[in-house]
**Student:** 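The structure that follows is given in the form of structure tokens.
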Amino acid sequence: LSLAAAVVSGWLNLQASDALLALTRQTLTSREEALRLTQLRLRHGAASALDLRLAESLTESARVALAQQQRQRMLDRHALALLVGQPVDQPLADVPGNPDAPDVAWQALADVPVGVPSTVLLNRPDIRAAEQQLAAAQAQMGAARAAFFPRVSLTASVGSASSELSGLFKGGTWGWALAPQALLPIFDGGANRAGLESAQAGRDLALAQYEKAIQVAFREVNDALASRGTLEAQLTAQQGLVQAETERLRLSELRLRQGVASQLEVLDAQRSLFAARQALLQVRFALAQNRVALFKATAGI
């Protein structure tokens, strides 16, 4: 279960790197074109040296981001190859053609159905392991208790006590006495009692670990579901931000062509739009990783 979740998570990281890489390449192309136009406007006196330096700065920052994304994609691909134990197939590692549609990656993951009962958590490996440890501790407890009882025959014939049983009450007293017939010594210097107390402590520890495993399971499911709600709200807000920044850039370019805005305003709008689109991709893939976390928390339903 952990390996399956890790492989899917690694694949999503690779897809996220691909989408960010494609977005960065598009941004670099547009900034290089903006730099060329700024240089042309500067030669004709329609732009200042400050506009040119800012355009150069944004272009170089895009090149830096491109190199970072290329390195991250390489690391993600190596990590995925390590998980699957072989080189990643090319169709799996192909760069998506549209950086604005990473939803294809996370929508391919099955969502958790409505009305899932909490009993599915009993299939989690950690809960099953804790349950088996508790059963083992109970068995040790039973063995420790059994150590207090001598292994003798109670009856010799119908209605009569065996000699082994009679020998345990030698002398007519009701106190235990060490008898040769007893196969397990009664007086053992407190070893049996110490063994029983140790078994009780082990059982209590196993019970506490079992309760903790159940609590962790419910907490992980609750955390994943709570994160999902906030991520969906964040995605909606981020999509609105991208739309607003896109419209801002369009109006800034229109104002620039009409001579009522500066190149600085356009370049600032480009920078804000790039940051907003990067954040949108990251939120989308965070939602995908949330589905993986929920898959693992619910034992792979």
Side-chain angles (χ1 to χ4, degrees), residues 1-16 75-76 78-86 88 92 102-103 105-149 192-235 282-301:
L1 184 65
S2 298
L3 179 61
V7 170
V8 176
S9 179
W11 177 77
L12 287 172
N13 288 336
L14 180 59
Q15 298 305 306
L75 294 177
D76 290 338
H78 291 169
L80 184 58
L82 180 63
L83 280 172
V84 300
Q86 61 184 10
V88 180
L92 182 64
D103 305 272
W106 68 270
Q107 287 179 352
L109 302 176
D111 201 359
V112 177
V114 177
V116 177
S118 61
T119 52
V120 300
L121 300 184
L122 294 175
N123 295 323
R124 284 175 52 118
D126 55 345
I127 291 183
R128 295 179 65 183
E131 185 177 351
Q132 293 301 317
Q133 291 172 354
L134 178 59
Q138 292 281 18
Q140 292 177 351
M141 182 75 179
R145 283 177 175 173
F148 277 86
F149 294 88
N192 282 344
R193 184 170 300 278
L196 178 60
E197 292 175 352
S198 176
Q200 289 174 335
R203 183 200 58 184
D204 293 342
L205 176 61
L207 179 60
Q209 291 174 338
Y210 183 59
E211 292 176 347
K212 180 182 178 181
I214 293 176
Q215 293 170 358
V216 168
F218 276 90
R219 181 185 60 80
E220 289 181 352
V221 173
N222 187 49
D223 288 349
L225 291 175
S227 298
R228 176 179 178 174
T230 57
L231 283 171
E232 288 175 346
Q234 183 180 352
L235 176 62
Q282 292 169 349
V283 173
R284 283 173 170 171
F285 281 103
L287 266 171
Q289 295 287 7
N290 177 260
R291 286 193 178 182
V292 176
L294 196 54
F295 165 84
K296 185 177 179 182
T298 55
I301 64 168

**Student:** If only atom types and distance count, is the side chain of Gln289 paired as donor or acceptor with the main-chain N or O of Ser9 below 3.5 Å?
**Tutor:**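 Yes: the side chain of Gln289 pairs with the backbone of Ser9.
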**Student:** Starting at CZ of Arg128, measure out to CG of Leu121 and round the result to the nearest 0.5 Å.
**Tutor:** 13.5 Å
**Student:** If I take atom CG from residue Asn13 and atom CG from residue Leu75, how far apart are they, to the nearest 0.5 angstrom?
**Tutor:** 11.0 Å
**Student:** Would you check if the side chain of Ser227 reaches a backbone N or O of Ala224 as a donor-acceptor pair within less than 3.5 Å?
**Tutor:** no
**Student:** Considering only heavy atoms from C-beta outward, does the side chain of Arg284 approach that of Leu235 to under 4.5 Å?
**Tutor:** yes
**Student:** Hydrogens and angles aside, do Gln15 and Asp76 bring a side-chain donor and acceptor to less than 3.5 Å of each other?
**Tutor:** no
**Student:** If you look at every heavy atom in Gly202 and Ala137, which pair is closest and at what distance?
**Tutor:** O-CB, 3.9 Å
**Student:** For the residue pair Gln234 and Leu231, establish whether any side-chain heavy-atom pair is separated by less than 4.5 Å.
**Tutor:** yes
**Student:** Check this for me: does any side-chain nitrogen of one of Arg124 and Glu131 sit under 4.0 Å from a carboxylate oxygen of the other?
**Tutor:** no
**Student:** Would Leu1 and Phe295 count as a side chain to side chain contact (heavy atoms under 4.5 Å, CB included) if you check the C-alpha gap in whole Å, the side-chain angles of each, and the deciding distance to 0.1 Å?
**Tutor:** CA-CA 9 Å; Leu1 184 65; Phe295 165 84; 3.7 Å; yes
**Student:** How long is the span from the CG atom in Leu225 to the CG atom in Leu294, to the nearest 0.5 Å?
**Tutor:** 5.0 Å
**Student:** Could you measure the distance from the CG atom of Leu134 to the CD atom of Glu211? Nearest 0.5 Å is fine.
**Tutor:**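 Nearest 0.5 Å value for the CG-CD distance: 9.0 Å.
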**Student:** Is there a side-chain contact between Val216 and Glu220, using heavy atoms and a 4.5 Å cut-off?
**Tutor:** yes
**Student:** Hey, what do you get for CD (Gln138) to CD (Gln133), rounding to the nearest 0.5 Å?
**Tutor:**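 One finds 13.0 Å between CD of Gln138 and CD of Gln133.
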**Student:** CD1 of Ile127 to CD of Gln209: how many Å apart, nearest 0.5 Å?
**Tutor:** 13.5 Å
